[in-house]
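A short worksheet on the structure shown next.
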There are 2 protein chains.
Amino acid sequence: MQKKYLAIYQDLLKRIKEHHWREQEMLPSENELSTMYDASRETIRKTLDILVREGYIQKVRGKGSVIINRHMHHFPVSGIQSFKELSQKLNLDAKTYVHQLVLKKPRDEIQDQLNLSKDERVWSVARIREIDDEKVILDKDYFVKAYVPELTVDVCENSIYEYLEGSLGLEISFAEKEITVEEPTDEDYRLLDMEGFTNIVIIKSRVYLKDASLFQYTVSRHRPDKFKFVDFARRS
Amino acid sequence: MQKKYLAIYQDLLKRIKEHHWREQEMLPSENELSTMYDASRETIRKTLDILVREGYIQKVRGKGSVIINRHMHHFPVSGIQSFKELSQKLNLDAKTYVHQLVLKKPRDEIQDQLNLSKDERVWSVARIREIDDEKVILDKDYFVKAYVPELTVDVCENSIYEYLEGSLGLEISFAEKEITVEEPTDEDYRLLDMEGFTNIVIIKSRVYLKDASLFQYTVSRHRPDKFKFVDFARRS
DNA sequence: GAGTGGTCTAGACCACGAC
DNA sequence: TCGTGGTCTAGACCACTCA
């Protein structure tokens, strides 16, 4: 049997997306849902927790669960997503060029970011992303060889994540990201169509697997006009 | 009695921060914790869920809960925080100047962002933040009068959030944020020390209360060199 | 096989909101 | 007072890891 709380979650999510309830309207109470889905109240609460976390509903003590009007649900751009997933969702005219693909001992900064021992090697990939025929993103990925033994230009051109999760069976779990804005380097000017822009948005990520091992470090450099980030945050 | 799962959470968090366990080390199992704290396993799981959500531990099925090495725990800059909380945590030399404080019918964009009816009024506050004697942030806040009946220059100079949560008893619950980079306006050049910078980082937020009502819209404009954002994201 | 976390249950009591 | 969500329990079975 598949997980009950996930099945209920998917059913509720579907109904929410189909506007089965208006925004500001109340969901059925936990007890009602419990009867409706033939599940214990704790199981219902588990599914509602997901909807709360994802910003679809807000629970109000003594009243019920309110459907939230979420402006930003239209821009599904946060969280952990591959460039391919993203460009498909947003229906972008996107191309990827592999600029570099080598297996080597990384320089100190990368070694430090990935907590590597002296002699470990990493796959170093540099890719240029073209959107609407403009080169606007430079992605530099570093994968620990212990987790990713092989990597080809073909895979890098298509989708590394599809390969990692599909063929290698790696399970990505969480990531830390840091966003800053800096001056472009010579390399940025050389590889990207910077037009008049004199700043570049830098997203540095450390990506972890399900067993909490760190396997990837990425530096993604975006031309500022093509950058947008959305976030949903709960207080404490 | 205070909530048991929160008490346990705080105790575990304290121990983690005191490096009671090394990174990569396992926490005691859920059954052991259950005995240690005289709590049911479900209660223990509830406290562990918080630690997982906040990125302190990662659970691994069949093994246990691993302490995560979280580089970014040193930069507590994400989530919902007031400028005062932030500057205190980061120990900044910061000052705030109130540039404008008026109660008025907002312009269309604001009315739209706050889902307001025709005649509702909002407090419109513009504040300039100075860090290390440079004016680098321009904050424009809009508060729905129905929730914030009164606002004074004094409060705006100190901390509006302290006033809202302390004196008014409002409970902030969650926020949607959107980060983009744009060209500075004349106003930015006039009010901020833009030095040579030709871009500005814009953070737009909608802030909601515990009952899911939208009460604040904010546009925060940062000089790019003084901007940094960190994020912790879980996959699906 | 023993131990771990993941799911699920039925029932209890509490705090809060609405009437 | 009644219904809501919030906390907590004791116990069950499953899926997974490791020796």
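Contact annotation: K46(A) reaches the phosphate of dT7(C) (side-chain N/O to OP1 or OP2, under 4.0 Å). One finds a side-chain N or O of K4(A) lying less than 4.0 angstrom from the OP1 or OP2 phosphate oxygen of dT9(C). Applying the 4.0 Å criterion to OP1 and OP2 of dT9(C), one finds that T43(A) has a side-chain N or O inside that range. Distances shorter than 4.0 Å separate none of the side-chain N or O atoms of K59(B) from OP1 or OP2 on dT4(C).
Nucleic acid contact class of D49(A) (heavy atoms, under 4.0 Å, all strands): none.
Partners of T96(A) according to the side chain to side chain contact (heavy atoms under 4.5 Å, CB included) rule, which considers only residues two or more places apart in sequence or in another chain, are F83(A), R127(A), R129(A). Listed by chain and number, the residues in a side chain to side chain contact (heavy atoms under 4.5 Å, CB included) with L103(A) are R121(A), W123(A), K145(A) (sequence neighbours excluded). Applying the side chain to side chain donor-acceptor pair (under 3.5 Å) criterion to T43(A), with sequence neighbours excluded, gives S40(A). Residues passing the salt bridge (charged side-chain N to carboxylate O under 4.0 Å, His left out) test with E165(A) are R235(B), sequence neighbours excluded.
Put simply, CG on L48(B) is 10 Å from C1' on dG5(C), counting in whole angstrom units. Between Y5(A) atom OH and dC14(D) atom P the separation is 18 Å, expressed in whole Å. In this structure, the CD atom of E171(A) is 10 Å from the P atom of dC16(D), given to the nearest Å. In this entry the distance linking NZ of K210(A) with C1' of dC16(D) reads 11 Å, nearest Å. Distance D211(B) CG to dG6(D) P: 14 Å, rounded to the nearest Å. Atom-to-atom, CD of Q58(A) to C1' of dG6(D) comes out at 14 Å; the value is rounded to the nearest Å. Y37(B) places its OH atom 18 Å from the C1' atom of dT7(D), with the value rounded to the nearest Å.
Side-chain polar atoms of N31(A) and S29(A) form no donor-acceptor pair below 3.5 angstrom. Side-chain contact, T180(A) with E178(A): no donor N or O sits under 3.5 Å from an acceptor N or O. Side-chain contact annotation: T152(B) with E150(B), donor-acceptor N/O pair under 3.5 Å absent. The closest side-chain donor-acceptor pair between Y142(B) and E109(B), if any, does not fall under 3.5 angstrom.
Of the residues in residues 26-35 of chain B, those with a non-hydrogen atom less than 4.0 angstrom from any atom of DNA chain C are S29(B), E30(B).
K3(B) places none of its side-chain heavy atoms less than 4.5 Å from the side chain of K46(B).
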Treat primed atoms plus P, OP1 and OP2 as sugar-phosphate and everything else as base, then score nucleotides 10-19 of chain C 5' to 3': B for base contact with protein heavy atoms under 4.0 Å, S for sugar-phosphate contact only, - for none. B-B--BBSS-
